[in-house]
Amino acid sequence: MNQILQDTKPIDGTGTGTAVLQVSDLKVSLRLNRHRKIDILHGIDFTVNQGETLALVGGSGSGKSVSSLAIMQLLPEGTDITGSVRLDGQELLNLDTKRMRQLRGSRIAMIFQEPMTSLNPVHTVGRQISEVLRIHGGITASAARTETIRLLDRVHIPAASSRFDDYPHNMSGGMRQRAMIAMALAGKPRVLIADEPTTALDVTTQAQILRLVRELQDDEGMGVLFITHDMGVVAEVADSVAVMRDGRILETGTTPELFAHPADPYTRQLLNAVPRLGSMANEPAPLPFPDETGHVERPAVVESPSEAPVLEVRNLVTRFDKRAGLLGRVQQRVHAVEDVSFSLNPGETLSIVGESGSGKSTTARSILRLNEPTSGNILLQGTDISAMPKSRLRTMRRGMQMIFQDPYESLDPRVRIGETIMEPMLTQGTHNRSEARVRTDELLELVGLSAGMKNRFPHEFSGGQRQRVSIARALALEPAVLVADEAVSALDVAIKGQIVNLLLDLQARLGIAILFISHDMSVVERVSHRVAVMLSGRIVEIGPRASIFENPSHPYTRKLLAAVPIPDPALRGTRAIPEEEIRKTPLYPIDHIAPPSRYTPVGPEHFILDES
């Protein structure tokens, strides 16, 4: 039976294994000054058992990551931590800095969400893993190198010995995360804390990392605290679940019990917000996510004002030079985008999907000429902008605006958001300052914020609110096309649903065309009219959303769909996780002539790449 927690009560783990991590009445507060503090955690309790996985789930700001940092004692100065954290019966909160440093990386280890910010960019990956071994194992440099190569091989990094001297930027996102897992395993920890380790990864890499964590847990007998907002991932990996909100644990239970009989309304809300593949069967148009009550508000059908496409891309090619040798001459080129063609109609959403490195984002940036295309044509509202002088291009860009993945990086932290939204209007000369202020108020209300928020700085907003600000800025020039590049990938499931619903509502009201770049196939199914699947710089399959999801014809499309987590614990282990592949970067000699893309029809407006 699930437990709904109204008061602070100890909660035992649901498995039969020995408790390796016990957290009791953990409270965290942040001191603002001598007289004022903010309570962040309000006395949480949970247990992680040997060989089992406890998933700590909840939305952004619920306290999940703060809980893990408090356990590891990695919170900044000015933070007060009380309660009890016991590792194999040893109290951690009483340990001094030196002793805690000895335990971190040996008996308890952590994998962070973004390995690129966790790994030192100026040291090789092998050296960083070896450092852990030498500090905690007291072994020689030669022995550390041998063990590091063994660990890299253990986490399925191909050609492990040759990757020892790679820098983090030489590896893909999935490979960097594997290296982080190898580093965490170096000290043979009793407890592994995985803080959103798969959130930023594409679906196939995510599936492989989840399988790897399970394999290592079975082999090493570790207890795993898995922090996530993705209930599909929870169904795949967790033995038990604790649901957090506002610094409190609301509900715990075994994974099957909690999914079958969620007792707390917030748990039900999280489960209702999970996109499920196949939920759009027989739906002719994109459909918003359900609200907290489970109700779905269907948007009005957009009537296209014109039959003509608002965006046409013809034979787009983008290549990047690779220089080598003493004189730095161009010897090879990366064929990042190769012979890509598609069109986009007013009021339509075309989603481009694929793994990391498939060319999705480069295609989007090339269309906007943030990356200069090598060849091809880009027609925006009938005007070819592919070779347009930059003086004219700046004006034409009013018709096509971009929403980036991380709003915190795309918003200037030193500028109030009202000024940020006004800036494109003033720069383009479409409004004077007085008119821009009025328009800014209207845009903030349009995206579900209040006009009174315009004097705030970006750090004063939540992640979802910052993305709303980014959307407001993108709408300032009344574009005909919005390019959303992984715009919801890093958001928790509830906020992701809100942003998708906002985009669909704006599309219905304004008739905007949306180019939606994503690796999240469940969201793509919900938001799209048509879907294009990219691999190694080429579109390998394109067609109506229903055809792509119900009749995937290219092996790579089927692989992407097979990798999507199923939010049902009863089906755990039933899906075929794609085997790892070593995909070569499309790198060719400068005299290489790429063959043109030819397509075979497999259904109405449904085509696959002819690779014969």
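Values below: every heavy atom of this structure, side chains too, minus hydrogens, waters and symmetry copies.
Distance CZ/Phe112 to CG/Leu69: 6.5 Å, rounded to 0.5 Å. Interatomic distance, CZ of Arg473 versus OG1 of Thr420, reported as 6.5 Å (0.5 Å rounding). Taken from CG in Leu515 to CD1 in Ile403, the straight-line distance is 11.0 Å, to the nearest 0.5 Å. For the atom pair CG of Leu561 and CD1 of Ile548, the computed distance is 9.0 Å after rounding to the nearest 0.5 Å. In this structure, CG on Leu344 lies 10.0 Å from NE2 on His529, to the nearest 0.5 angstrom. Put simply, CG on Leu271 and CZ on Arg276 are 6.5 Å apart, with the number rounded to the nearest 0.5 Å.
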Checklist entry - Hey, mind stepping through Phe461 and Ile417 against side chain to side chain contact (heavy atoms under 4.5 Å, CB included) and telling me if it holds? => result CA-CA 10 Å; Phe461 292 89; Ile417 61 107; 3.9 Å; yes
Checklist entry - Hey, mind stepping through Asn371 and Thr318 against side-chain hydrogen bond (donor to acceptor under 3.5 Å, both in side chains) and telling me if it holds? => result CA-CA 8 Å; Asn371 292 133; Thr318 301; over 6 Å; no
Item to check | Stepwise side chain to side chain contact (heavy atoms under 4.5 Å, CB included) test for His519 and Val353 | outcome: CA-CA 5 Å; His519 62 250; Val353 302; over 6 Å; no
Next on the checklist: Is there a side chain to side chain contact (heavy atoms under 4.5 Å, CB included) between Leu503 and Phe516? Walk through the geometry before answering.
Outcome noted: CA-CA 10 Å; Leu503 289 173; Phe516 193 82; 4.3 Å; yes
Checklist entry - Under the side chain to side chain contact (heavy atoms under 4.5 Å, CB included) criterion, do Ser518 and Glu486 qualify, and how do the steps go? => result CA-CA 5 Å; Ser518 181; Glu486 300 280 12; 4.1 Å; yes
Checklist entry - side-chain hydrogen bond (donor to acceptor under 3.5 Å, both in side chains) between Asn432 and Ser434: does it pass, once the steps are laid out? => result CA-CA 6 Å; Asn432 61 36; Ser434 176; 4.6 Å; no
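When every heavy atom of Gln507 is checked against every heavy atom of Thr349, the shortest pair comes out as NE2-OG1, 2.9 Å. Here the closest non-hydrogen pair linking Ser358 and Glu355 is OG-O, 2.8 Å. A pairwise comparison of heavy atoms in Gly278 and Glu525 identifies N-OE1, 3.0 Å as the closest pair. Looking at every heavy atom in both residues, Ser341 comes nearest to Asn315 through OG-N, 2.7 Å. Closest heavy-atom contact between Leu477 and Pro424: CD2-O, 3.6 Å. Smallest separation of non-hydrogen atoms from Gly354 and Leu560: CA-CD1, 4.2 Å.
Thr427 places a side-chain N or O within donor-acceptor distance of the main-chain N or O of Glu423, the cut-off being under 3.5 Å. Glu541 places a side-chain N or O within 3.5 Å of a backbone atom of Ser553 that can act as its donor or acceptor partner. Although no hydrogens or angles enter the test, the distance criterion places no donor-acceptor pair under 3.5 Å between the side chain of Arg176 and the main chain of Val125. The backbone N or O of Thr440 sits nowhere less than 3.5 Å from a side-chain atom of Lys454 that would complete a donor-acceptor pair. Asp195 contributes no side-chain N or O that, together with a main-chain N or O of Ser65, makes up a donor-acceptor pair within less than 3.5 Å. Checking side-chain atoms of Arg398 against main-chain N and O of Pro479 turns up no donor-acceptor pair under 3.5 Å. With hydrogens and angles ignored, the 3.5 Å screen pairs a side-chain donor or acceptor of Arg369 with a backbone N or O of Met388. Judged by distance alone, with hydrogens and angles left aside, the side-chain atoms of Lys322 form no donor-acceptor pair with the main-chain N or O of Gln332 at under 3.5 Å. Using modelled atom types, no side-chain atom of Gln467 and backbone atom of Ile499 make a donor-acceptor pair closer than 3.5 Å. With hydrogens and angles disregarded, no donor-acceptor distance shorter than 3.5 Å links the side chain of Gln331 to the backbone of Ile590.
With salt bridges taken as basic N to acidic carboxylate O contacts below 4.0 Å, one links Glu348 and Arg530. Taking 4.0 Å as the cut-off between side-chain N and carboxylate O, Glu442 and Arg439 count as a salt-bridged pair. Salt bridge Asp321/Arg333: present, at least one basic N to carboxylate O contact under 4.0 Å. Salt bridge status for Arg319 with Glu338: present, with a side-chain N to carboxylate O gap under 4.0 Å. Salt bridge Asp520/Lys496: present, at least one basic N to carboxylate O contact under 4.0 Å. With respect to the salt-bridge test (charged N to carboxylate O, under 4.0 angstrom), the residues Glu419 and Arg433 qualify. Look at Arg437 and Asp441 and you find no salt bridge, because none of the NZ, NE, NH1 or NH2 atoms lies under 4.0 Å from a carboxylate O.
By the 6.0 Å and 45° rule, Arg414 does not stack over the aromatic ring of Phe457. For Arg526 and Phe289, the positive end sits near the middle of the six-membered ring, less than 6.0 Å away and at most 45° from its axis.
In this structure, Asp610 and Tyr599 have side chains that are not in contact, with every pair of non-hydrogen atoms separated by 4.5 Å or more. At least one side-chain heavy atom of Met400 sits less than 4.5 Å from a side-chain heavy atom of Ile385. Counting heavy atoms from C-beta on, the side chains of Ser410 and Ser470 come closer than 4.5 Å. The side-chain heavy atoms of Leu316 and Ser366, taken from C-beta on, include a pair separated by under 4.5 Å. The closest side-chain heavy-atom distance from Met244 to Val57 is not below 4.5 Å. Thr383 has its side chain out of reach of Leu379: every pair of non-hydrogen atoms, C-beta onward, lies at least 4.5 Å apart. Pro458 places none of its side-chain heavy atoms less than 4.5 Å from the side chain of Val469. Side chains of Ile367 and Val313 form a contact here, defined as non-hydrogen atoms less than 4.5 Å apart.
The aromatic rings of His554 and Tyr556 lie perpendicular to each other, with more than 60° between the two planes, well past the 30° mark.
At most 12 heavy atoms of other shown residues, nucleotides or ligands fall within 6.0 angstrom of atom CD in Glu605. Environment of CZ in Arg394: sparse, with no more than 12 heavy atoms of neighbouring residues, nucleotides or ligands closer than 6.0 Å.
Side-chain N/O atoms of Asp230 and Thr228 include no donor and acceptor closer than 3.5 Å. Ser343 and Glu312 form no side-chain donor-acceptor contact under 3.5 Å, judged by distance and modelled atom types alone.
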